[in-house]
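This report refers to the structure that appears directly beneath it.
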Amino acid sequence: MKNQFAVLIPAYNAEGTISDVLRIIAANGWAAEVVVIDDGSLDETAKKAGELGATVISHERNRGKGAALTTGFRWILDNKEVDAVVTVDADLQHDIRDLTKFIDARNKSGANIVLGRRKRLGSGMPLSRILSNSITSLLVSARTGMFIPDSQCGYRLIGREVLENIVVESEGFEAETELLIRAAGHGFHIASVPVQTVYRGETSHMTHWTTTKRFIRTLLKEY
C-alpha cells in the first residue's frame, strides 16, 4: 500500500457491532486513523468505540448519514495527512476483509473514488433492495455519464483531492448520491471493486418514502 488512509464509520445505535468492526480493523493494521461519528446514538456506541481506541465525534442528536460523513470528512481533512478515506458501515454488513481491495484499486488505477460493488442475485440481498439498487444505479449512471454499477453502496474509498474540492450539502442517505454527481461533474475518475455483504435481517434506518423523494430531488438538482 503506497499511502496512508483513514477509515470513517458513521454509526447510529451500533453498540452491538461497532466493537467487532473496530477489532478487525485494528488486528490488521490497515488504517492510519479510525474515526467513528456517533450520530446521536441512544446506546453505548460512542463509549465502546472510544474504549477500542477510535477517534469518536458525537452529534447531540441524530442528523443523518450524510451529516455524519461530512463531520468525519472535515475532521480528517483538518487533522490528518492521509491520501484517502474509506467509509465503512457500523453494522458488520460490510466484510472488512475487502478493505484492501479499495486501496489496491486506488494505487493501481489512480481512481479518485472506488465504490464497492455488491453481488445482487444469490447474495441474500432482499428483493426490494435488489430492485431499488438496480434502478438507482441506472439513474445515477445516466445522470453522471459514467457506469456506476452500485451507486448506493456505502463501502467506498474517497481520495483526499475529492474531499478538498467537493462539499456535500445533503444530510441523509442521498448524500452518497450527491457526492457521485458532484465528483463526476468535476471530472474525477470513479472505479469499483467487488465486495461481499452480509444480510442478517437487521432493521434499516432508512425511511423509504422520504429517502426516495430525497434521492429524486438530488438526481434532478443542478450542481
Exercise for the section: Identify, with sequence neighbours excluded, every residue that meets side-chain contact (heavy atoms from CB on, under 4.5 Å) alongside Ser132. Expected result: Arg129
Problem - Asn62: side-chain hydrogen bond (donor to acceptor under 3.5 Å, both in side chains) partners, not counting sequence neighbours - result: Asp39
Exercise for the section: Only counting residues at least two apart or in another chain, list the ones meeting salt bridge (Lys or Arg N to Asp or Glu O under 4.0 Å) with Glu161. Expected result: Arg106
Problem - Under the salt bridge (Lys or Arg N to Asp or Glu O under 4.0 Å) test, residues paired with Arg143 that sit two or more places apart - result: none
Exercise for the section: List in chain and number order the residues that pass side-chain hydrogen bond (donor to acceptor under 3.5 Å, both in side chains) with Arg156, two or more places apart in sequence or in another chain; answer none if no residue qualifies. Expected result: none
Problem - Pairs satisfying side-chain hydrogen bond (donor to acceptor under 3.5 Å, both in side chains), at least one member in residues 20-29, at least two apart - result: none
Practice task
Apply side-chain contact (heavy atoms from CB on, under 4.5 Å) to Leu139 and list each qualifying residue two or more places apart in sequence or on a separate chain.
Solution key: Ile135, Phe215, Leu219
Exercise for the section: Quickly, which of Val114, Ile148, Val162, Asn112 forms a side-chain contact (heavy atoms from CB on, under 4.5 Å) with Ile190? Name it, please. Expected result: Ile148
Problem - Straight-line distance of Ser192 OG to Met146 CE, nearest 0.5 Å - result: 12.5 Å
Practice task
Inspect the contact between Arg182 and Glu169 and indicate whether a charged nitrogen and a carboxylate oxygen are less than 4.0 angstrom apart.
Solution key: yes
Practice task
Go through the structure and list residues passing side-chain hydrogen bond (donor to acceptor under 3.5 Å, both in side chains) with Arg97, not counting sequence neighbours.
Solution key: Asp95
Problem - Which residues share a side-chain hydrogen bond (donor to acceptor under 3.5 Å, both in side chains) with Thr218, sequence neighbours left out - result: none
Practice task
Heavy atoms only: give me the nearest Gly159-Leu157 pair and the separation to one decimal.
Solution key: N-CD2, 4.0 Å
Practice task
Examine the side chains of Glu33 and Thr55 and answer whether a donor and an acceptor come within less than 3.5 Å of each other.
Solution key: yes
Problem - Qualifying residues under salt bridge (Lys or Arg N to Asp or Glu O under 4.0 Å), relative to Glu174, sequence neighbours excluded - result: none
Completion exercise
Sorted by chain and residue number, the salt bridge (Lys or Arg N to Asp or Glu O under 4.0 Å) partners of Asp98 (sequence neighbours excluded) come out as Lys101
Problem - NZ/NE/NH1/NH2 to OD/OE distance under 4.0 Å, Glu176 and Lys65 - result: yes
Handout entry: ring-ring contact (aromatic ring centres under 6.0 Å, His included): pairs with one or both residues in residues 40-96, sequence neighbours excluded
Key = His94-Tyr155
